[in-house]
Amino acid sequence: MTTSTENVVLHVADVHKTFGGLHALSDIDLQIEEGKTHAIIGPNGAGKSTLLNVVVGRLAPTRGAVVFDGKVLTGKQPHEINQVGVARVFQTPEIFPDLSVLQNVMAPAFAKRDGSFKLNFLSSLDDEHQIRKEAEEMLEDIGLSEQKLMKAGSLSRGDKRRMELAMCLMQHPKLLLLDEPTAGMSRHDTNTTIELLKKIKERGMTKVIIEHDMHVVFSLADKISVLAGGRIIAEGTPEEVRNNPKVQEAYLGGAH
Ligand SMILES: Nc1ncnc2c1ncn2[C@@H]1O[C@H](COP(=O)(O)OP(=O)(O)OP(=O)(O)O)[C@@H](O)[C@H]1O
Ligand SMILES: [Mg+2]
């Protein structure tokens, strides 16, 4: 592969993670290029979420380092990593259930201004109008306009995931990490999400996406890394990965 290291924005270098005697991640070396969509696929228990947890600082690697945009992230707290431009959609949505959908989507933009996740009603009115306008456009793009005044806690699981994606996008991250963003969504909502993710790609945002739904993976990915048993067993373009016998074997041996 002719990967120029100049374009690498995220480098996961020789990362290992053990939980007691379990090797959840071994010898992980992953280079993510700027502006690209990089998918990580693999059977259940392969280590995909663990890998994202290491990148965002929720888990410390047993060995190795994570470098983003020339800065070493290893050892930093999750909020510090978030501040350098890394946002993540978790496998389980993390939302403010008692606030409206619109308030949830506006919250991260306020947080970015005052450095906390509290809604700051003392922010200037101009700011608030601007943020509200952007949040409403985002909800339109993601197909949640009609639900914008509903309590976020009462949304369906799929709608919560789309709302959470909108919350992440309001932070304008440089790197967006998505852990199964379309899990629990109908085919229609999945397609709306794919379209939104394509749209943000045009704006140059780098994305790492963990996904079991191959329709989503093949619609979005420029490059795919396949994890199995905590190791990267294959990497390449969607076409290369699709035709790799090791990948087919890993899936037949796994839960999918
Ligand atoms: N906090 C933890 N403590 C102990 N073991 C853990 C912990 N988190 C994950 N594991 C184990 O590490 C392995 C990798 O789990 P991980 O959640 O990263 O897999 P995954 O690829 O995201 O799977 P899925 O597709 O089901 O989400 C599994 O064997 C899991 O049981
Ligand atoms: Mg997972």
Side-chain angles (χ1 to χ4, degrees), residues 10-32 37-66 68 73-78 81-82 86-95 157-158 160-162 164-165 167-168 175-185 190 193-194 197 207-221 223-236 238 241-242 244 246-256:
L10 177 73
H11 187 187
V12 176
D14 192 27
V15 160
H16 292 243
K17 179 67 191 173
T18 54
F19 295 111
L22 176 82
H23 292 265
L25 297 173
S26 304
D27 300 321
I28 300 291
D29 200 276
L30 193 64
Q31 305 206 9
I32 310 289
T37 300
H38 194 123
I40 297 175
I41 65 169
N44 291 117
K48 304 178 300 293
S49 296
T50 303
L51 178 57
L52 281 207
N53 279 324
V54 167
V55 173
V56 299
R58 281 196 152 193
L59 287 175
T62 312
R63 200 172 91 201
V66 177
F68 170 69
L73 300 187
T74 326
K76 288 195 193 300
Q77 293 298 312
I81 293 175
N82 185 245
V86 180
R88 170 182 178 177
V89 177
F90 292 97
Q91 196 164 354
T92 312
E94 297 196 348
I95 61 167
R157 181 158 182 254
K160 273 187 198 140
R161 299 208 46 89
R162 282 187 297 147
E164 207 200 3
L165 175 57
M167 289 168 74
C168 271
L175 173 67
L176 179 62
L177 307 166
L178 304 124
D179 197 347
E180 300 192 31
T182 67
M185 281 187 198
T190 297
T193 307
I194 290 173
L197 292 172
K207 296 192 293 296
V208 176
I209 179 168
I210 291 176
E211 189 54 74
H212 284 295
D213 183 337
M214 289 303 137
H215 169 62
V216 178
V217 171
F218 286 105
S219 301
L220 292 170
K223 196 169 170 186
I224 301 176
S225 297
V226 187
L227 263 186
R231 290 180 185 274
I232 296 177
I233 58 154
E235 200 164 67
V241 164
R242 201 203 297 261
N244 186 324
K246 270 204 226 163
V247 177
Q248 288 156 11
E249 207 177 291
Y251 272 89
L252 290 174
H256 285 261

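Whatever order the structure lists them in is the order used to number ligands and atoms, beginning at 1. Because the structure is a prediction, the values reported are computed rather than measured.
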Is there side-chain contact between [X] and [Y], with heavy atoms separated by less than 4.5 Å?
X: Arg231; Y: His23; result: no
X: Ile32; Y: Val12; result: no
X: Ile209; Y: Ile40; result: no
X: Arg242; Y: Ile224; result: no

Heteroatom distance test (Ala24, ligand 1): nitrogen or oxygen, under 3.5 angstrom: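 In fact, backbone or side chain, Ala24 has no N or O that close.
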
Geometric N/O contact Ala46 with ligand 1, under 3.5 angstrom: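 Yes, Ala46 has an N/O under 3.5 Å of an N/O on ligand 1.
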
For the pair His215 and Thr190, evaluate side chain to side chain donor-acceptor pair (under 3.5 Å) and give the outcome as yes or no after the intermediate values. CA-CA 9 Å; His215 169 62; Thr190 297; over 6 Å; no

Can you sort out which atoms of ligand 1 are near [X], meaning under 4.0 Å from one of its heavy atoms?
X: Leu22; answer: 11 (C), 12 (O), 13 (C), 29 (O)
X: His212; answer: 25 (O)
X: Gly45; answer: 13 (C), 14 (C), 19 (O), 20 (P), 21 (O), 23 (O), 24 (P), 26 (O), 28 (C)
X: Thr50; answer: 9 (C), 14 (C), 15 (O), 16 (P), 18 (O)
X: Asn44; answer: 23 (O), 24 (P), 25 (O), 26 (O)
X: Glu180; answer: 25 (O), 27 (O)

Backbone N or O of Ala60 within a donor-acceptor pair of the Lys17 side chain at under 3.5 Å?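 Confirmed, Lys17 side chain pairs with Ala60 backbone.
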
Among Leu176, Leu52, Asp179, the one residue meeting side chain to side chain contact (heavy atoms under 4.5 Å, CB included) with Val208: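 The option that passes is Leu52.
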
Ligand 1 contacted by Gly42 (non-hydrogen, < 4.0 Å):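 Gly42: no contact with ligand 1 (<4.0 Å).
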
Between Thr50 and the Mg ion (ligand 2), is there a contact where an N/O/S atom of the residue lies under 2.8 Å from the metal?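 Short answer: no, not a single N, O or S atom is under the cut-off.
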
Side chain to side chain contact (heavy atoms under 4.5 Å, CB included) between Leu177 and Val55, intermediate numbers included: CA-CA 9 Å; Leu177 307 166; Val55 173; 3.8 Å; yes

Name the option, out of Arg58, Lys48, Lys17, that contains the heavy atom nearest to atom 21 (O) of ligand 1.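 Looking at heavy atoms only, the winner is Lys48.
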
